[in-house]
Amino acid sequence: MNFIHIRMRCLQHTRIQGQRIQLRENENLSELFEFYYGILHVTVVYYDKNQKRTKERQEGYMQVLYKSTRGKGETVTASMAILKGLSEDGGLFVPTSIPKLDVPVEKLAQMTYQETAYEVMSRFLTDFTEEELKNCIVNAYDEKFDTTEIAPLHEADGAYYLELFHGSTIAFKDMALSILPHLMTTAARKNQVKNDIVILTATSGDTGKAALAGFADVPGTRIIVFYPKHGVSPIQEKQMVTQKGANTAVVGITGNFDDAQTAVKKMFNDKELAAELNEAGFQFSSANSINIGRLVPQIVYYVYAYAKLVKKGAIKAGDEINVVVPTGNFGNILAAFYAKQMGLPIHKLICASNENKVLFDFFRTGTYDRKRDFILTTSPSMDILISSNLERLIYRLTGENAEKCAELMQALSQGGEYTITDEMKAGLADFYGNYCSEAETKEAIHETFEKADYVIDPHTAVAAGVYKKYVKDTDDTLPTVIASTASPYKFTRSVMAAISNKGEGLDDFALADELTKISGVKIPRAVEEIRTAPVLHDRVVDAPDMPAAVLQKGTTAGQKRVVATVGTLKEEVDRQGIETPAIIVVGKVCSLADKFAWYEKLPLAGWKVLVT
């Protein structure tokens with residue numbers, strides 16, 4: 001049957017009401033209605049090729065829109081929310097409603113990671129066509145991951161570890177940042193964006209490298225990453241400062257992650273800076289978890305984990321599980337919360353903090369207080385005192401009262417703290433919070449290795465340690481998934497100190513060699529690649545100087561000045577380590593004949609030459 005007749009109500013648009021429309025081959029109704037806002041109440045009458053009526057049924061379609069946690073109810077499409085990153089009023093984008101996951105678990109249990117990703121993400125990113133979204137997914141979850149499972153489950157010491165570190169930068173950030181560049185460039189095309197997009201990102205260690213790897217040499221984008229110079233592990237820093245890509249820039253700052261993140265948010269809200277960039281043909285977006293395009297892909301792996309537990313017979317469809325997440329910026333555990341809101345049977349969301357236990361104190365007292373000493377720990381990606389994504393949960397706890405949410409965020413910004421009401425605190429019943437000291441983290445690594453012959457990194461160890469505390473406090477022994485957020489090879493010094501005494505005096509790469517001998521786990525490609533890689537980014541600035549660095553590096557990322565003649569160009573290009581293809585800007589050319597000489601005699605085939 002290839003004709004339908006449609007009767008509609010409750011629509012903002014009526015231009016196809018009552019018309020008969022011929023469907024193209026493989027076209028479905030979801031695609032047909034993608035340009036409508038809100039819930040569509042549709043009566044669809046089907047006809048065969050001979051115009052004979054075959055059936056009639058009611059069908060409903062919903063487009064999920066996004067609004068700001070501090071706005072006045074204005075909505076944007078998913079693609080526009082991804083492009084913007086942060087709302088103009090400083091708020092974060094949240095879906096107007098959480099869609100239900102209406103796919104039977106038994107069916108999900110038979111799906112690949114890529115198929116699961118489509119089922120989950122298509123419910124949130126409703127203005128992406130099926131073809132667009134599937135193309136993004138296929139390009140994201142490919143051979144960059146060292147296992148076809150993408151996110152395998154490993155049973156150890158009474159829990160299921162969801163290994164989220166099999167991507168190109170061996171941290172869980174790969175799960176979302178492998179797809180974000182594809183979502184963003186697709187969104188740019190959908191919204192006819194002419195400017196180049198400057199990805200502005202602050203990192204506590206893992207987001208930076210994953211974002212750089214995702215956006216490196218992606219046409220129409222530039223990326224600049226700020227990281228705390230003395231607040232990441234040596235492996236994390238080496239991964240970032242050796243990053244190749246003509247559109248990449250990495251800058252260390254003398255402060256901590258909160259300083260970097262605060263400065264990035266200010267730049268997003270700096271209208272003068274935005275105007276200056278726009279005039280030059282650029283616009284900001286974010287790769288941090290404040291971007292909804294980061295958050296939605298993270299929901300996928302919780303659904304995938306549950307389905308795999310069903311497939312292996314560890315649980316039955318409908319059984320509840322617990323989820324433990326080592327938490328700093330609150331994005332990863334918020335994704336698990338959204339999965340629960342979609343209908344995934346999660347009993348308790350266990351929020352694990354390190355000694356920067358601002359979230360533990362919040363869950364315990366209802367007061368969020370960042371006015372405390374910042375502690376450098378062995379789990380640096382969690383060394384955060386301002387958990388940005390918590391704002392999305394706060395907005396929900398206020399009953400989606402944007403004015404109240406903005407008031408609380410202003411109190412945090414100006415006074416360093418806020419306190420929620422008893423009614424709001426009651427809305428935290430889905431969560432349990434606790435923390436691990438440095439000694440407890442080290443013990444968790446040691447104990448897991450001794451008991452289960454399984455090596456975990458310090459962030460995962462925080463989660464494992466907090467899970468033990470949860471069981472002791474509650475006697476709850478439901479099947480539990482622990483988000484294993486990084487490879488132990490990113491933190492070899494801390495891991496080796498916990499499981500062996502053979503690491504004294506060794507550098508981080510020698511420690512990796514020792515760790516592979518002890519554990520039998522192969523050193524990841526991501527570590528091997530940076531052993532001898534040259535440092536390409538070495539700038540360090542104070543936090544107040546970050547905007548100047550953006551103007552200099554963010555809009556000229558990767559450009560190098562080459563002063564040479566036709567004859568010496570190859571030698572000079574090799575000396576600077578510039579890879580083809582590239583754009584060479586040639587100055588002081590005397591005549592038209594000289595210009596043609598550059599094109600004809602250029603010794604590097606395939607290079608594009610811009611003569612000025």
Side-chain angles (χ1 to χ4, degrees), residues 101 105-106 108-113 116-117 120 145-167 170-172 174-175 298-327 332-333 335-340 342-352 430-432 434 436 441 444-445 447-472 474-488 519 521:
L101 185 61
V105 172
E106 294 83 358
L108 288 168
Q110 304 307 316
M111 291 184 181
T112 64
Y113 190 89
T116 306
V120 174
F145 289 80
D146 63 18
T147 171
T148 55
E149 289 183 88
I150 306 299
L153 281 170
H154 182 96
E155 187 175 2
D157 197 20
Y160 295 92
Y161 287 81
L162 178 59
E163 294 183 347
L164 302 173
F165 52 77
H166 289 275
I170 56 176
F172 85 97
D174 290 322
M175 302 301 294
Q298 291 179 268
I299 301 169
V300 175
Y301 46 74
Y302 293 111
V303 175
Y304 182 74
Y306 186 90
K308 293 309 157 192
L309 288 176
V310 171
K311 183 177 183 179
K312 70 190 304 182
I315 60 174
K316 295 178 181 178
D319 287 351
E320 289 190 322
I321 64 169
N322 295 319
V323 173
V324 191
V325 186
T327 306
N332 202 1
I333 196 166
F337 175 73
Y338 277 4
K340 179 179 172 71
M342 291 186 80
L344 200 68
I346 297 175
H347 172 61
K348 194 65 72 173
L349 296 154
I350 301 170
C351 179
D430 289 333
F431 293 87
Y432 167 91
N434 215 318
C436 275
T441 302
I445 297 172
E447 185 176 307
T448 305
F449 181 65
E450 289 296 317
K451 284 186 176 181
D453 195 26
Y454 185 57
V455 184
I456 57 176
D457 87 291
H459 304 77
T460 308
V462 169
V466 166
Y467 175 55
K468 293 272 175 49
K469 293 183 179 184
Y470 171 76
V471 173
K472 184 178 179 180
T474 65
D475 290 324
D476 178 3
T477 57
L478 282 173
T480 296
V481 170
I482 295 176
S484 185
T485 53
S487 166
S519 67
V521 178

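These figures come from a predicted structure and were not determined experimentally. Reckoned from all heavy atoms, side chains included, excluding hydrogens, waters and symmetry mates.
Distance check: Leu478 CG to Ile321 CD1 gives 9.0 Å after rounding to the nearest 0.5 Å. Atom CZ of Phe145 and atom CE of Met175 lie 5.0 Å apart (nearest 0.5 Å). Tyr432 OH to Ile350 CD1: the interatomic distance, rounded to the nearest 0.5 Å, is 7.5 Å. Taking CG of Asp453 as the start and OG1 of Thr448 as the end, the distance is 11.5 Å to the nearest 0.5 Å. For the atom pair Leu309 CG and Ile315 CD1, the distance stands at 4.5 Å (nearest 0.5 Å).
Across every non-hydrogen atom of Gly318 and Pro345, the tightest pair is O-CB, 3.9 Å. Closest of all the heavy-atom pairs between Tyr454 and Ala156 is CD2-CB, 3.9 Å. Contact between Pro488 and Val455 at its shortest, heavy atoms only, is CB-CG1, 3.6 Å. When all heavy atoms of Val300 and Ala117 are compared, the closest pair comes out as CG1-CA, 3.5 Å. Of all the heavy atoms in Ile482 and Ala159, the pair that sits closest is CD1-CB, 3.7 Å. Shortest non-hydrogen contact noted between Ala461 and Ala444 is O-CB, 3.5 Å.
Residue pairs meeting the salt bridge (charged side-chain N to carboxylate O under 4.0 Å, His left out) criterion with at least one partner in residues 298-323, sequence neighbours excluded, do not occur; the list is empty. A side chain to side chain donor-acceptor pair (under 3.5 Å) check over residues 149-162, counting only residues at least two apart or in different chains, returns the pairs Asp157-Lys468.
Listed by chain and residue number, nothing satisfies the ring pair (Phe, Tyr, Trp, His ring centres under 6.0 Å) test with Phe165 (two or more places apart in sequence, or in another chain). Among residues two or more places apart in sequence or in another chain, the side chain to side chain donor-acceptor pair (under 3.5 Å) test is passed with Asp457 by His459, Thr460. In this view, Thr480 and Tyr467 satisfy the side chain to side chain donor-acceptor pair (under 3.5 Å) rule, not counting sequence neighbours. Under the rule for a side chain to side chain donor-acceptor pair (under 3.5 Å), Tyr338 has no partner lying at least two apart in sequence or in another chain. Annotation: side chain to side chain donor-acceptor pair (under 3.5 Å) contacts of Tyr113 (sequence neighbours excluded): none. Checked against side-chain contact (heavy atoms from CB on, under 4.5 Å), Ala335 has the following partners two or more places apart in sequence or in another chain: Leu295, Gln298, Ile299, Tyr302. With sequence neighbours left out, the side-chain contact (heavy atoms from CB on, under 4.5 Å) criterion links Asp146 to His166. Residues forming a side-chain contact (heavy atoms from CB on, under 4.5 Å) with Thr474 (at least two apart in sequence, or on another chain): Tyr470, Asp476.
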Candidate pair Ile150 and Tyr301, rule side chain to side chain contact (heavy atoms under 4.5 Å, CB included), full reasoning
CA-CA 9 Å; Ile150 306 299; Tyr301 46 74; over 6 Å; no

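No donor-acceptor pair closer than 3.5 Å links the side chain of Tyr304 to the backbone N or O of Leu108. No donor-acceptor distance shorter than 3.5 angstrom exists from the side chain of Asn434 to the backbone of Val466, with no hydrogens or angles considered.
Within the 4.5 Å cutoff, the side chain of Leu162 has no heavy atoms near those of the Phe172 side chain.
For the side chain to side chain contact (heavy atoms under 4.5 Å, CB included) with Ile333, the qualifying choice from Val324, Thr327, Val323 is Thr327, the only one to do so.
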